Protein chains: 2
Amino acid sequence: MDNKNTIINVATKLFSQRGYEGVGVQEIVDTSGITKPTLYHFFGNKRGLLDTILKTNYSTFFDKFETASNYKGDIVLTLTQIFWAYFLFFKKNPEFFRLSLALTYSTLQSEGYLAITDYEQRIIKSFEQLFIIASTNHGNLKGHHKLFAISLSGLLNYYTLEIINEKIVVNDDFITKAVKHYMHGIYAL
Amino acid sequence: MDNKNTIINVATKLFSQRGYEGVGVQEIVDTSGITKPTLYHFFGNKRGLLDTILKTNYSTFFDKFETASNYKGDIVLTLTQIFWAYFLFFKKNPEFFRLSLALTYSTLQSEGYLAITDYEQRIIKSFEQLFIIASTNHGNLKGHHKLFAISLSGLLNYYTLEIINEKIVVNDDFITKAVKHYMHGIYAL
DNA sequence: AATTCATTATACCGAACGGTACAATAACAA
DNA sequence: TTGTTATTGTACCGTTCGGTATAATGAATT
C-alpha cells in the first residue's frame, strides 16, 4: 500500500481508539513507518487528514444510504432499506463508526465536531425529507419531522454500536423488529 | 464563591464547550483568576478535577433518578417519572449534560470515557432492572431487556439535546407523547 | 505570642504538541 | 540526458501540555 493510504488507515484506527485530539501526529507517522513531512505533504495539516478520512468514508456511505432512502410510497420498505444500508456499511467499517460517533457527540467548538457536523446534518436532513414526503400518506407524521429524524438517527447509532460489539446479529428478523419498533411508536402518536 | 467551586464551575463550562482534552489546565486557572498550585491542591491532577465534576453532578442526578425509577406495577407511570426526572435535571444543568454526552460517546480508551463509563453503566443497568421486573406483567419485554435499556438511554439523550437547545418544551403533553412513542414500539414487537 | 496547617503565588520542569526549512532522493517527461 | 516535479528524511521551531519544588501567606489553635 502507498504511504498516503497507510497514513489514512493508521490514523483512522488510532483516532477511533483514543480520539482525534488524543492522538499526536508523531505517533501516526511512527506507526505508519514514515516521517512528518510525508504526512504534511499529503494532507497539509492534522485537520486535513481528518477531513480526508471523513470525506472518503462518507462518500461511500452516502452512495448506499441515498439509494436506500428512495421512497416509493412504502415507508416501512424504505426504512427497512435504510436500516440495512446503515448497519451493513458500519459493520464493514467499525473503526470509522466509532470515530464518527465520537466526533458527532463531541463538544460544539471542538475541531472534530466542526469537521463532521455537515455530514451528520446531511443524514438528518435526509430523514426529515423522507418523513415530509411520507406524511402525504401518513397524516400522523405531520409536524413531527424533525423529532422523528433525530430520534431515528439516535436509534440507528445505538443499534449500530451493539452490532459492531457483536451483541446483535444483522439479519432480516432483526431489521424487521427494529423497523417495527420504530414505526409503531410513530403510528401510536 | 470559594476557589474550589469557582474552578469546578469554570472547568465544567470550558469542558462542555471544547471537551476535556481540548481545554488546558492553564486556561482553567487563568479564567478562574487563580494559579495552578491552587487547582492541584484541591484536585490532585486534571483527572481529579473531572472526577469531582462527575461525582458531584451524578450524585444529585441519581438521587432523583432512582427515586423516579421506583416500579409499582405501572410501567407507563414509572417511565413517565423517569422522563420527568431526566429531562428536568439536565435542563437545569445543560453544560453538564453536554459534557457528559461528549464523554459518553468518546473513544473507549480516552480518559474522559474511562471517567464516565461507570455512571453511564449504572443508568443502563437501572433501565435493564426495570424491564426485568416489569416483564412479569408485560411478557413481550422478555429477552429484550438489554436492547430496550440501551435504546431508551439513547432516546432520552436525543430528547434532552433538543430540550436544552430549546427546540422542545418539557410539559405533560410532551412527556406523555414521548413515553407513548417509546412504549408502543415495545408493545408492537 | 507562638505554632500549626491549609491555601496560594512565583518560577520552573521535561515532554509532547502541531508544524516547517532544507536538502536529498525518486520518478518521469522532454 | 537533462530538467521538473513529487516524495521523503534530518533536524529543528516556538508553544503548550500536565505537573511541581519552594516559599510566602492566611487563618485558626494552643
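As the structure is a computational prediction, the values presented were derived from the model and not from experiment. Atoms considered below: every heavy atom in the structure, side chains included; atoms not considered: hydrogens, waters and symmetry mates. Note on naming: letters A, B, ... go to the chains in the order of the sequence lines (proteins, then strands), and numbering restarts at 1 for each one.
In this structure, CG of A:Leu50 is placed 15 Å from C1' of C:dG18, rounded to the nearest angstrom. We find that NE2 of A:His41 is positioned 4 Å from P of D:dT7, with the value rounded to whole Å. Atoms CG (B:Asp30) and P (C:dT8) sit 16 Å apart, rounded to a whole Å. Rounding to whole angstrom units, CG of residue A:Leu39 and P of D:dT7 are separated by 13 Å. Distance CZ (A:Arg18) to P (C:dA16): 12 Å, rounded to an integer number of Å. In this structure, CG of B:Leu14 is placed 12 Å from P of D:dC17, rounded to the nearest angstrom. Rounding to whole angstrom units, CD1 of residue B:Ile34 and P of D:dT25 are separated by 19 Å. Between the CG atom of B:Asp2 and the P atom of D:dA27 there is a distance of 15 Å, given to the nearest Å.
At C:dA9, one or more side-chain N or O atoms of B:Thr38 fall inside 4.0 Å of OP1 or OP2 (strictly under the cut-off). Residue A:Asn3 places at least one side-chain N or O closer than 4.0 Å to OP1 or OP2 of D:dT8.
With contacts defined as side-chain heavy-atom distances shorter than 4.5 Å, the pair A:Leu49/A:Phe42 does not qualify.
For B:Ser126, the side chain to side chain contact (heavy atoms under 4.5 Å, CB included) partners are B:Phe65, B:Ser69, not counting sequence neighbours. With sequence neighbours excluded, no residue satisfies side chain to side chain donor-acceptor pair (under 3.5 Å) with A:Asp74. In this structure, the side chain to side chain donor-acceptor pair (under 3.5 Å) partners of A:Glu66, at least two apart in sequence or on a different chain, are A:Arg122. Under the salt bridge (Lys or Arg N to Asp or Glu O under 4.0 Å) criterion, B:Arg47 pairs with B:Asp51, B:Glu111, not counting sequence neighbours. Partners of A:Gln17 according to the side chain to side chain contact (heavy atoms under 4.5 Å, CB included) rule, which considers only residues two or more places apart in sequence or in another chain, are A:Lys13, A:Leu14, B:Gln109.
Contact detail for B:Lys91 and B:Ile164: the closest heavy-atom pair is CA-CG2, 4.3 Å.
At a non-hydrogen distance threshold of 4.0 Å, nothing from residues 103-112 of chain B comes into contact with DNA chain D.
The list of side chain to side chain donor-acceptor pair (under 3.5 Å) pairs with a residue in residues 52-64 of chain B, not counting sequence neighbours, reads B:Tyr58-B:Glu120. Among pairs with a residue in residues 68-88 of chain A, those fulfilling ring pair (Phe, Tyr, Trp, His ring centres under 6.0 Å) read A:Phe61-A:Tyr86, A:Phe83-A:Phe87, A:Tyr86-A:Phe90, A:Phe87-A:Phe174, at least two apart in sequence or across chains.
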Reading nucleotides 18-23 of chain D 5' to 3', which nucleotides get B (base under 4.0 Å from a protein heavy atom), which S (sugar-phosphate only), which -? BBBB--

